[in-house]
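This report refers to the structure that appears directly beneath it.
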Amino acid sequence: SLFDRFPKIEASVILEITRHELRPMDLYKLDPSAQDKNLERRANLEFEGGQLTAVPHTGSLKDFPNLSSVVEPMLLYFDILTTYAATCRGDMAATLAIARGSYFYISHLSALNRQYLWPAVLAYHKDFFLVRRREMANGIYSGWLTRDAELMSEHLFGQSRPQSQSS
């Protein structure tokens, strides 16, 4: 089964991925080396109006301090998605689009990270992921093979990395 292929990942997270419901800032759930940390982060306690309530934790910038903190769980995300498309759905067109898209998207993020400040790249990634998630829910997997000029303009304009000066 799909769950047996990824034994270190919670079944609920695998289901979120296959249903295209995993939020971009929840990618930390795919880091098996941080499972204890993930258990601690399931909820935040908030005190409001005289009541203490548990609010589900979502990822934050501190969960993704650099490119590799996104790339590593994204590779596992794409692995699960590709395996699901190939073995559970038998959809070779989707499998190929996801496989090719994963390479393209990781390369694209890497290039953006070399040119722009990380918080801006992460903001672009979050919105890009949300758009792709909606497309995939509608059976469109080729969006990972694109760049989104509108989102790039929204998040990256004016956020260039300082140029290093050579002496």
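From a predicted model like this one, the values you see are computed outputs, not experimental measurements. Both backbone and side-chain heavy atoms feed into the values below; hydrogens, waters and symmetry mates do not.
- The two residues Ser68 and Pro73 make their nearest non-hydrogen contact at O-CD, 4.1 Å.
- At least one donor-acceptor pair under 3.5 Å links the side chain of Ser69 to the backbone N or O of Asn66.
- Among residue pairs with one or both ends in residues 138-163, none qualify as salt bridge (charged side-chain N to carboxylate O under 4.0 Å, His left out); sequence neighbours excluded.
- By the salt bridge (charged side-chain N to carboxylate O under 4.0 Å, His left out) test, Glu16 pairs with Lys29, sequence neighbours left out.
- Residue-environment remark: CZ (Arg5) stays at or below the threshold of 12 foreign heavy atoms within 6.0 Å.
- Contact detail for Tyr141 and Trp144: the closest heavy-atom pair is O-CD1, 3.6 Å.
- When side chains are defined from C-beta on, Leu75 counts as touching Val71, because their heavy atoms get closer than 4.5 Å.
- A 4.5 Å side-chain heavy-atom check between Pro162 and Leu117 finds at least one atom pair inside the cut-off.
- Partners of Ser160 according to the side chain to side chain contact (heavy atoms under 4.5 Å, CB included) rule, which considers only residues two or more places apart in sequence or in another chain, are Tyr116.
- One finds the CG atom of Leu76 at 6.5 Å from the CZ atom of Phe6 (value rounded to the nearest 0.5 Å).
- Atom CG of Leu130 sits about 10.5 Å away from atom CE of Met25, to the nearest 0.5 Å.
- With side-chain heavy atoms closer than 4.5 Å counting as contact, directly or through intermediates, the hydrophobic cluster containing Phe104 also holds Leu145.
- Hydrophobic clustering, with ILVMFWY side chains joined whenever heavy atoms are under 4.5 angstrom apart, groups Met152 together with Trp118.
- Residues satisfying the salt bridge (charged side-chain N to carboxylate O under 4.0 Å, His left out) test with Arg132, not counting sequence neighbours, are Glu135.
- When hydrophobic clusters are built by joining Ile, Leu, Val, Met, Phe, Trp and Tyr residues whose side-chain heavy atoms come closer than 4.5 Å, directly or via intermediates, Leu22 is grouped together with Phe3.
- In this structure, CD in Gln115 is found 8.5 Å from CD in Gln163, a value given to the nearest 0.5 Å.
- Put simply, the side chain of Ser153 never gets that close to the backbone of Ala149: no donor and acceptor are under 3.5 Å apart.
- For the atom pair NE2 of His20 and CZ of Arg134, the computed distance is 10.5 Å after rounding to the nearest 0.5 Å.
- Between Tyr124 and His155, the angle of the ring planes goes over 60°, which puts this pair in the perpendicular group of the 30/60° scheme.
- Taking 4.5 Å as the limit, some side-chain heavy atom of Leu30 sits within range of a side-chain heavy atom of Ile17.
- Phe128 places a side-chain heavy atom less than 4.5 Å from the side chain of Thr146.
- In this structure, Ile106 and Met74 have side chains that are in contact, with non-hydrogen atoms separated by less than 4.5 Å.
- With sequence neighbours left out, the side chain to side chain contact (heavy atoms under 4.5 Å, CB included) criterion links Thr18 to Leu2, Ile14, Leu15, Tyr84.
- The line from CD of Glu21 to OG of Ser12 is 11.0 Å long, rounded to the nearest 0.5 Å.
- For the atom pair OG1 of Thr83 and CZ of Arg89, the computed distance is 13.5 Å after rounding to the nearest 0.5 Å.
- Ring orientation note: the planes of Tyr28 and Phe64 are tilted relative to one another, at an angle of 30° to 60°.
- Using a 4.5 Å cut-off between side-chain heavy atoms of Ile, Leu, Val, Met, Phe, Trp and Tyr, with links allowed through other members, Met136 and Leu96 fall into different hydrophobic clusters.
- A ring-centre distance under 6.0 Å is found for Phe129 and Tyr77.
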